[in-house]
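Okay, structure first, notes after.
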Amino acid sequence: MSFGSPNNPYGQQPQNPQQPPQGYGYPQQPPAGQPGQPSYGYPQQPPQGVPPQQGYGYPQQPGGYPQQPGYPQGGGYPGGYPGGPMPNVASMGRRFGARVIDWLILGAVYSVLSFAGIAGAMNSVNDCDPNSADYSTCVDNAGSDFAGKFFVVFGALAVLGLLYEWMMIGLLGATLGKMAVGVRVVKADTGQKPGLGSSFIRYIIIAVGGFLCGIGQLLVFLSPFWDKSGRQQGWHDKAASTMVIQN
């Protein structure tokens, strides 16, 4: 037994001169008909009929990253949207100032209508002739006329107050008094204008409180002091899902 020839001392088989030498270098291509082994480098193409494998990473969303939930853009709270900074809640001092201005405006209109009704009733009394036999009857008729005009004026004032608060808050988000001090009413969940439905509910809560000699109305106006949510919502705001913010 020999360990090799002098030209091949280790007994290795001679390589085919037509076959490239094995060793380091590029990976060898597998013979035809045999499945190829995965190699390092560029990813291999999948066989025909096999769906491609999804690579690692975050799944692609159509149109980019998904939008985060929040208030709709445009007309939201100044200073932030939901999940962001708390909106600039109106102070009670500003809200009180807005009420005073509204009372003065409505009070001026009420005074004009009231004086017009009283003047009309006095004219009816002055038209009665003291020397006539039916003077007392004329005065009684003038009193009835005054009472009728008083209820008409009272009803007109109630309707005027309703339209003033209801329509302006619902459509504009603010009365003249609120515009003067720079506050407005918005929906607490969207930051948009309240709309006529929420504005009506808000006004009715205030109006019902006024029937108890004004005590209930005063409690409604003071109720934001007892709100623990940080939004200073009064009972009328909670019923209508609104809040008052500063512009």
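Computed from a predicted model, the values in this text were never measured in an experiment.
Residue pairs meeting the ring pair (Phe, Tyr, Trp, His ring centres under 6.0 Å) criterion with at least one member in residues 165-200, sequence neighbours excluded: W166-F200.
Contact record, K193 with L172: CE-O, 4.2 Å, taken as the closest heavy-atom pair. Counting all heavy atoms, side chain and backbone alike, S198 lies closest to A240 at O-CB, 3.2 Å. In this structure, R231 and V89 approach most closely via the heavy-atom pair O-CG1, 3.4 Å. Summarising the geometry of G177 relative to I101, their closest heavy-atom pair is CA-CG2, 3.6 Å, with the distance given to 0.1 Å. In plain terms, the two heavy atoms of A239 and I205 that are nearest each other are CB-CG1, 4.0 Å. Across every non-hydrogen atom of A174 and V183, the tightest pair is CB-O, 3.8 Å.
Here the CE-CG distance, from M167 to L196, works out to 5.5 Å after rounding to the nearest 0.5 Å. Here the CG-CG distance, from N88 to N247, works out to 9.5 Å after rounding to the nearest 0.5 Å. Taking CG of L176 as the reference point, atom CE of M179 lies at 6.0 Å (rounded to 0.5 Å). Rounding to the nearest 0.5 Å places CD of E165 at 11.0 Å from CD1 of I204.
Note on I201: it does not cluster hydrophobically with V159, by side-chain heavy-atom contacts below 4.5 Å among ILVMFWY residues. Under the 4.5 Å side-chain heavy-atom criterion for ILVMFWY residues, no single connected hydrophobic cluster contains both F225 and V185.
Inter-residue side-chain proximity for R95 and P224 is flagged as met; some heavy-atom pair is nearer than 4.5 Å.
Ion pair K238/D227 flagged as a salt bridge, since at least one NZ, NE, NH1 or NH2 atom sits closer than 4.0 Å to an Asp/Glu carboxylate oxygen.
The side chain to side chain donor-acceptor pair (under 3.5 Å) check on Y164 picks up D102, with sequence neighbours excluded. For V109, the side chain to side chain contact (heavy atoms under 4.5 Å, CB included) partners at least two apart in sequence or on another chain are L113, L160. Partners of R94 by salt bridge (charged side-chain N to carboxylate O under 4.0 Å, His left out), not counting sequence neighbours: none found. Applying the side chain to side chain contact (heavy atoms under 4.5 Å, CB included) criterion to A207, with sequence neighbours excluded, gives Y203.
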query: Can you check side chain to side chain contact (heavy atoms under 4.5 Å, CB included) on R184 and K178, steps first, answer last?
result: CA-CA 6 Å; R184 60 191 175 99; K178 288 179 172 57; 6.0 Å; no
Derivation of the side chain to side chain contact (heavy atoms under 4.5 Å, CB included) call for M243 and Q232: CA-CA 7 Å; M243 63 183 297; Q232 291 189 343; over 6 Å; no
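With Q233 contributing its side chain and T242 its backbone, the two residues share a donor-acceptor pair below 3.5 Å.
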For residues 210-223, dump all side-chain donor-acceptor pairs below 3.5 Å to protein atoms at least two apart in sequence or in another chain.
from	atom 1	to	atom 2	distance (Å)
Q217	NE2	I206	O	3.4
S223	OG	V220	O	2.6
S223	OG	W235	N	2.9

